[in-house]
Amino acid sequence: MKVVVIIDDKSTSDVIRARHGLSLLFEKEGFTILFDMGPDEESLKENMRVLGIDASRIDVAVISHPHSDHYGGFKHLSWENPYIKVYIPYGMMDSLGRMLRSHDMIPVEVTKTTQLARDVLVAGPFHGPPVEQYLVFNMGDELLIATGCLHPGVETLEKVASSLGRRIGVLIGGLHLRNAPEEVVKRTLDYVVGELGVAKLVPLHCIGRRALEYLREKYSNVLVEAGAGSVIEF
């Protein structure tokens with residue numbers, strides 16, 4: 001399993017654009033998924049070019065939730081990969097779905113946990129607001145879960161793990177802690193690592209400085225630091 005961080009609030013290189021948003025590329029057994037699309041088409045296009053990613057070879061796309069910093073780059077994908085299926089959260093067909101369809105993409109509304117390929121699922125929808133869904137990979141006895149911002153709350157991760165009968169080995173993405181009070185940051189991260197038993201945490205996008213500092217201080221053995229341009233293998 002390979003994960004490429006295409007868009008993030010921070011960058012690992014001067015030639016990779018940092019933008020407030022998220023876009024991740026997952027490759028597993030020849031199946032390629034784009035999870036979220038960043039805030040705009042130019043950033044997605046340029047970072048894909050630098051990273052050597054051919055958008056026409058992406059099999060499917062998933063949008064975690066209807067905030068523009070997670071779907072704003074959709075035009076680049078539509079230009080390079082017309083008629084690609086894009087899995088969107090429940091209730092978005094008349095808004096986000098209509099916009100995607102007008103650019104020759106095929107929106108698929110997720111009303112329940114949906115299998116995309118062998119050992120690849122979209123879990124949800126979960127209500128925040130806004131409604132959000134997660135990308136989930138079955139990795140044997142463990143799961144890898146990708147989140148956009150985790151608006152519905154960290155407890156929803158336990159629902160996913162329980163429903164699939166596995167623990168969460170890897171959690172990657174946004175945790176919506178940027179502006180959270182210190183006690184909320186600590187309680188959330190203690191729950192993720194201590195209660196859920198997440199073995200590897202790759203915090204991105206809306207994680208915030210305070211949360212990163214706490215992870216470095218208390219959970220350095222779990223923390224995997226990354227940003228736009230990072231390539232991670234599990």
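Treat the numbers as computed from the prediction; the structure is a model and nothing was measured.
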* To do: For the residue pair Arg166 and Asn138, establish whether any side-chain heavy-atom pair is separated by less than 4.5 Å.
  =>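 Yes, their side chains come closer than 4.5 Å.
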
* Backbone N or O of Asp40 within a donor-acceptor pair of the Lys75 side chain at under 3.5 Å? ->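 No; judged by distance alone, with no hydrogens or angles, the pair does not exist.
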
* Path from Leu25 to Ile16 over hydrophobic side-chain contacts below 4.5 Å ->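 The answer is yes; both residues are in one hydrophobic cluster.
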
* Where the side chain of His70 meets the backbone of Pro66, is there a donor-acceptor pair that is under 3.5 Å apart? ->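 No, His70 side chain to Pro66 backbone: no donor-acceptor pair under 3.5 Å.
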
* How many angstroms lie between OH in Tyr214 and CG in Leu177, if you round to the nearest 0.5 Å? ->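 It comes to 12.0 Å.
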
* Asked: Can you find a pair of side-chain heavy atoms, one from Met48 and one from Glu80, that are under 4.5 Å apart?
  ->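 No, side chains not in contact.
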
* Taking all heavy atoms of Leu44 and all of Ile7, pick out the closest pair and write down the distance. =>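 Result for this residue pair: N-CD1, 4.1 Å.
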
* Between CZ on residue Arg19 and CG on residue Asn47, distance to nearest 0.5 Å ->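 Between Arg19 CZ and Asn47 CG, I get 8.0 Å after rounding to 0.5 Å.
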
* Asked: For Val108, what residues pass the side-chain contact (heavy atoms from CB on, under 4.5 Å) criterion, not counting sequence neighbours?
  ->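 side-chain contact (heavy atoms from CB on, under 4.5 Å) check on Val108 returns Lys85, Tyr87.
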
* Asked: What are the two closest heavy atoms between Ile84 and Ile58, and how far apart are they?
  ->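 The pair with the smallest heavy-atom distance is CD1-O, 3.6 Å.
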
* Would you mind checking if Glu142 and Arg167 are paired as a salt bridge, meaning a charged N to carboxylate O distance below 4.0 Å? =>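 The answer is yes: the pair qualifies as a salt bridge.
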
* Is there a donor in the side chain of Glu155 and an acceptor in the side chain of Tyr191, or the other way round, less than 3.5 Å apart? ->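 Side chains of Glu155 and Tyr191: no pair found under 3.5 Å.
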
* Counting distance only, does the side-chain N/O of Thr156 pair as donor-acceptor with the main-chain N or O of Gly153 below 3.5 Å? ->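 Such a contact is found between Thr156 side chain and Gly153 backbone.
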
* Using the salt bridge (Lys or Arg N to Asp or Glu O under 4.0 Å) rule, take Glu46 and Arg49 through it: C-alpha gap first, then chi angles, then the decisive distance, then the call. => CA-CA 5 Å; Glu46 180 62 15; Arg49 183 191 67 79; 2.6 Å; yes

* Do you know which two heavy atoms are closest between Gly148 and His65, and how far apart they sit? ->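 Minimum heavy-atom contact is C-CE1, 4.1 Å.
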
* Asked: What's the verdict on side chain to side chain contact (heavy atoms under 4.5 Å, CB included) for Phe234 and Val202, showing C-alpha distance, side-chain angles and the deciding distance?
  -> CA-CA 12 Å; Phe234 298 104; Val202 190; 4.0 Å; yes

* Closest contact, heavy atoms only, Ala146 versus Phe35 ->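 Smallest interatomic distance, heavy atoms only, reads O-CZ, 3.6 Å.
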
* How many angstroms lie between OG in Ser68 and CE in Met37, if you round to the nearest 0.5 Å? ->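 It is 13.0 Å, given to the nearest 0.5 Å.
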
* Walk me through it: do Thr147 and Ser64 pass the test side chain to side chain contact (heavy atoms under 4.5 Å, CB included)? => CA-CA 7 Å; Thr147 66; Ser64 63; over 6 Å; no

* Does any non-hydrogen side-chain atom of Met105 lie less than 4.5 Å from one of Ile88? ->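 They are not in contact (no side-chain heavy atoms under 4.5 Å apart), so the answer is no.
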
* Non-hydrogen side-chain atoms of His20 and Arg178 separated by less than 4.5 Å ->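 They are in contact (side-chain heavy atoms under 4.5 Å apart), so the answer is yes.
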
* To do: Would you check, one step at a time, whether the test side chain to side chain contact (heavy atoms under 4.5 Å, CB included) holds for Leu189 with Leu201?
  => CA-CA 10 Å; Leu189 296 176; Leu201 176 58; 4.2 Å; yes

* Asked: Does atom NZ of Lys45 have more than 12 heavy-atom neighbours from other groups under 6.0 Å away?
  ->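 Not more than 12 within 6.0 Å, no.
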
* Is Glu183 paired with Arg187 through a side-chain N to carboxylate O contact shorter than 4.0 Å? ->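 Salt bridge absent between Arg187 and Glu183.
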
* Is it true that Glu225 and Arg216 have a side-chain N and a carboxylate O under 4.0 angstrom from each other? ->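 Result for this pair is yes, salt bridge flagged.
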
* Crowded around Asp141 CG? As in, over 12 foreign heavy atoms under 6.0 Å? ->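 Open.
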
* Asked: Hey, quick one: are Val60 and Phe137 part of the same hydrophobic cluster, counting side-chain heavy atoms closer than 4.5 Å, chains of contacts allowed?
  ->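 Yes, Val60 and Phe137 fall within the same hydrophobic cluster.
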
* **From OG1 (Thr111) to OH (Tyr90), nearest 0.5 Å** =>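 Reported value, rounded in 0.5 Å steps: 8.5 Å.
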
* Okay, side chain of Ser56, backbone of Asn81: is any donor-acceptor separation there less than 3.5 Å? ->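 Here the side-chain-to-backbone pair does not exist.
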
* Asked: In this structure, which one of Leu157, Leu196, Leu150, Val154 forms a side-chain contact (heavy atoms from CB on, under 4.5 Å) with Leu171?
  ->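 With Leu171 as partner, Leu157, Leu196, Leu150, Val154 yield a single side-chain contact (heavy atoms from CB on, under 4.5 Å), made by Leu157.
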
* Looking at Ala161 and Ile168, what are the two nearest heavy atoms and their distance? ->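 Reported closest heavy-atom pair: CB-CG1, 4.0 Å.
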
* Which pair of non-hydrogen atoms, one from Ala228 and one from Arg17, has the smallest distance, and what is that distance? ->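 In terms of heavy atoms, the two residues are closest at CB-O, 3.9 Å.
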
* To do: Decide whether Met139 and Val136 are clustered together by the hydrophobic rule: side chain heavy atoms of Ile, Leu, Val, Met, Phe, Trp, Tyr closer than 4.5 Å, transitively.
  =>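 No: no chain of side-chain contacts under 4.5 Å links Met139 to Val136.
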
* To do: Using atom types as modelled and distance alone, determine if a side-chain donor or acceptor of Asp59 lies under 3.5 Å from a backbone N or O of Thr32.
  =>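 A pair under 3.5 Å: yes.
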
* **Heavy-atom check, side chain of Thr188 versus side chain of His176, under 4.5 Å** =>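 The answer is no; the side chains never approach within 4.5 Å.
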
* Do the side chains of Tyr71 and Leu204 join up, straight or via other hydrophobic residues, at under 4.5 Å, putting them in one cluster? ->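 As far as the 4.5 Å side-chain criterion goes, Leu204 and Tyr71 are not connected within one cluster.
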
* Please assess Val62 against Leu116 for the test side chain to side chain contact (heavy atoms under 4.5 Å, CB included), listing each intermediate value before the final yes or no. => CA-CA 10 Å; Val62 176; Leu116 303 185; 3.9 Å; yes

* Spell out, yes or no, whether Ile172 and Ile63 are grouped together once hydrophobic residues are joined by side-chain heavy atoms under 4.5 Å, including indirect joins. =>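 Result: no, two separate clusters.
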
* Asked: Can His205 and Asp36 be counted as having a side-chain donor-acceptor contact under 3.5 angstrom?
  ->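 Asp36 and His205 do not have a side-chain donor-acceptor pair below 3.5 Å.
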
* So do Leu144 and Phe26 actually touch side chain to side chain, heavy atoms under 4.5 Å? ->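 With C-beta onward as the side chain, the pair touches.
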
* Asp9 side chain to Gly21 backbone, donor-acceptor under 3.5 Å ->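 Side chain of Asp9 to backbone of Gly21, a donor-acceptor pair under 3.5 Å: yes, one is there.
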
* To do: Specify whether Phe126 and Tyr134 have parallel, tilted or perpendicular ring planes, treating 30° as the upper limit for parallel and 60° as the lower limit for perpendicular.
  =>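 Phe126 vs Tyr134 ring planes: parallel.
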
* How many angstroms lie between atom CD of Glu41 and atom CG of Leu77, to the nearest 0.5 angstrom? ->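 Reported value, rounded in 0.5 Å steps: 11.5 Å.
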
* To do: Would you check if the side chain of Glu195 reaches a backbone N or O of Asp190 as a donor-acceptor pair within less than 3.5 Å?
  =>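 It does not hold such a pair.
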
* In Å and rounded to the nearest 0.5 Å, what is the CZ to CD distance from Arg118 to Glu29? ->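 Reported value, rounded in 0.5 Å steps: 4.5 Å.
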
* Using modelled atom types only, decide if a donor and an acceptor are shared between the side chain of Ser230 and the backbone of Val5 within a distance under 3.5 Å. =>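 Flag not set: sc Ser230 to bb Val5 has no pair under 3.5 Å.
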
